[in-house]
2 protein chains.
Amino acid sequence: MATSTVENYLKSILRLQRRSGSTAVGEVARELSLTPGTVTTMMRHLSGEGYVDYQPRRGLRLTPDGESAALRVVRRHRLIELFLVQVMAMDWTEVHEEAEQLEHVVSDRLIDRMDEMLGRPTRDPHGDPIPDAEGNIVAMEALPLAEVESGMYRVVRVSDQDPDLLGWLDEKGMTIGEEFELSHCNRAAGVLEIVREEAERLQMGMQVAERVFVESVSA
Amino acid sequence: MATSTVENYLKSILRLQRRSGSTAVGEVARELSLTPGTVTTMMRHLSGEGYVDYQPRRGLRLTPDGESAALRVVRRHRLIELFLVQVMAMDWTEVHEEAEQLEHVVSDRLIDRMDEMLGRPTRDPHGDPIPDAEGNIVAMEALPLAEVESGMYRVVRVSDQDPDLLGWLDEKGMTIGEEFELSHCNRAAGVLEIVREEAERLQMGMQVAERVFVESVSA
DNA sequence: TCTTTTATCTTGATTATTCAAGATATATGT
DNA sequence: ACATATATCTTGAATAATCAAGATAAAAGA
């Protein structure tokens, strides 16, 4: 019964608290492009509803209720994204925005139909894990390409937010599952280079490499 | 850019003005379960936006802009209903509510994908005509079963609002395209009887017959 | 025409969500 | 420890959508 606005707050908090287990008013405000005052007001409200544990000036975190509500939204979002790509033949560059809207209105019934039709999938088109109906989610341990040593890797996840990034990756064939070797990595220059079959080279900037998550291939 | 609320007002007005070409504040209020005062306020607003031509105490009607906005919503609604039945294998009793939500958020892109996937259909699962992308719509001349003489008929449309009604019709096999003979019709008693193949008889009340639209079969 | 009923309108208030701008607390640097 | 910077909070106001209840106009009946 949470409004779309509330669902979006919960989703953001879930993302932001992933690292340290908690987050702050300012982070949420930045994430949602709102003023801190707006977020403070909402945190008081969500705290009253039992969705977040909010200690003024100390920080905030989701309660178990808040977390399961957030996971329900994430599940919807990711199933919808996969559905749009697999069934509707839409492009992975354009499904994020669409899912962002649909996630707040599709019924449980329809979500389950999608889930069934897709064979109870565990990953969305960008490699993000899809929580099951109980909120269980497969942990992802992948590191950003920007933070690993030279070696052989496989793309397991990419950030789904930016259509331009996704478009470029797609064009270069850097989709989920793609394997390659990280050859040079000049952190100072902010550039790194990878090599794929046929000695094909590809350079990319660090802002890109921050958003491509890889796992090591035991060649 | 209209909000869901505005879209719902426009849809209601389109329905209500079908008979006489215009409607009244009270009718809209009843249709949407709102108080007349609320509707008055909204009519002033919609009038300012150029969606309705509102003459206080005289009545209201959609402007050409309002009509095309309303038809866009109706198109979405009906395409979504058909999509849910055809592709998602959902039941015609349950798709109305789902479409009611989705119609306000699906992108033009996704709607066109559905349209394409369904082969540019002209009728939804309840027999209602689907406007094309330009707002052109096939006129429907069917009469309610409650208002016709004895004879042979074919079901061409049923009201999509009430799941119980749809459930009953489905159970009795009274789906779109079904042919039958209207035998008795006792308007005073509010009951009427039809006969189908194998001399199978079926009685129904007038509230039901008001919502089943038929066209004559030239046997 | 006069009265009664019904439809419509107006006013004041409420809820959810947001911002701007000023006040206050916390953290940082010297 | 003190000044400065940053984060957070508070207050007052705005917008969209709504209702309740009283005021007014229009339609219907005698």
Side-chain angles (χ1 to χ4, degrees), chain A residues 1-13 15-17 19-62 65-66 69-70 73 100-101 103-105, chain B residues 1-13 15-17 19-62 65-66 69-70 73 100-101 103-105:
Chain A
M1 323 308 115
T3 62
S4 322
T5 310
V6 167
E7 290 188 340
N8 285 332
Y9 274 95
L10 295 177
K11 248 193 332 174
S12 285
I13 298 169
R15 275 173 61 88
L16 294 169
Q17 71 173 23
R19 319 231 117 193
S20 64
S22 71
T23 184
V25 164
E27 305 243 306
V28 178
R30 211 167 316 115
E31 175 99 353
L32 294 172
S33 302
L34 299 173
T35 60
T38 300
V39 176
T40 300
T41 309
M42 182 56 92
M43 288 313 109
R44 268 203 299 252
H45 178 234
L46 293 183
S47 180
E49 299 282 296
Y51 285 127
V52 311
D53 176 5
Y54 169 52
Q55 312 270 281
R57 293 205 136 96
R58 293 216 127 23
L60 55 108
R61 67 183 57 200
L62 294 174
D65 269 16
V73 184
E100 205 65 19
Q101 295 301 122
E103 66 188 9
H104 306 298
V105 304
Chain B
M1 325 306 117
T3 62
S4 322
T5 309
V6 167
E7 290 188 339
N8 285 332
Y9 274 95
L10 296 177
K11 247 193 334 173
S12 285
I13 298 169
R15 275 175 60 88
L16 293 169
Q17 72 173 21
R19 320 231 115 191
S20 64
S22 72
T23 183
V25 164
E27 306 243 305
V28 178
R30 210 166 318 116
E31 175 99 352
L32 294 172
S33 302
L34 299 172
T35 60
T38 301
V39 176
T40 299
T41 308
M42 182 57 90
M43 289 313 108
R44 268 202 299 252
H45 178 237
L46 293 183
S47 180
E49 298 283 295
Y51 286 127
V52 310
D53 176 4
Y54 169 52
Q55 311 269 282
R57 294 207 136 94
R58 292 215 127 29
L60 54 108
R61 69 182 58 199
L62 294 174
D65 270 15
V73 184
E100 205 65 18
Q101 295 300 123
E103 66 187 9
H104 307 297
V105 304

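Reminder, nothing fancy here: chain letters follow the sequence lines and each chain counts from 1.
Backbone-only engagement by B:R44 is indicated by non-hydrogen atom pairs under 4.0 Å involving sugar-phosphate atoms exclusively.
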Give every pair of a protein N or O atom and an N or O atom of nucleotides 15-18 of chain D that lie under 3.5 Å apart, one pair per line with the distance.
unit_1 : atom_1 : unit_2 : atom_2 : d
D:dA17 : OP1    : B:T3   : OG1    : 2.7
D:dT18 : OP2    : B:Y9   : OH     : 3.3

Close N or O pairs between protein and nucleotides 23-26 of chain D (under 3.5 Å):
unit_1 : atom_1 : unit_2 : atom_2 : d
D:dT24 : O2     : B:R57  : NH2    : 3.0

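Annotation: side chain of B:E100 is in contact with side chain of B:E103 (closest heavy-atom distance under 4.5 Å). When side chains are defined from C-beta on, B:T5 counts as touching B:M42, because their heavy atoms get closer than 4.5 Å.
Side-chain atoms of B:Q17 come within 3.5 Å of backbone N or O of B:L62 as a donor-acceptor pair. A:H45 contributes no side-chain N or O that, together with a main-chain N or O of A:T41, makes up a donor-acceptor pair within less than 3.5 Å.
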Test side chain to side chain contact (heavy atoms under 4.5 Å, CB included) on B:V73 and B:L10 and set out the steps. CA-CA 9 Å; B:V73 184; B:L10 296 177; 5.8 Å; no
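B:D65 approaches B:G50 most closely through the heavy-atom pair CB-O, 3.8 Å. The two residues A:L32 and A:S12 make their nearest non-hydrogen contact at CD2-OG, 3.1 Å.
Protein chain A contacts DNA chain C from C:dT17 to C:dA25, reading 5' to 3' and using non-hydrogen atoms of the protein with a distance under 4.0 Å.
With rounding to the nearest 0.5 Å, the separation of OH in A:Y9 from CG in A:L34 is 4.5 Å.
Under the 4.0 Å criterion applied to side-chain N and carboxylate O atoms, A:K11 and A:E31 are not assigned as salt-bridge partners. Electrostatic pairing of A:E27 and A:R15 does not count as a salt bridge here, judged by no charged N lying under 4.0 Å from a carboxylate O.
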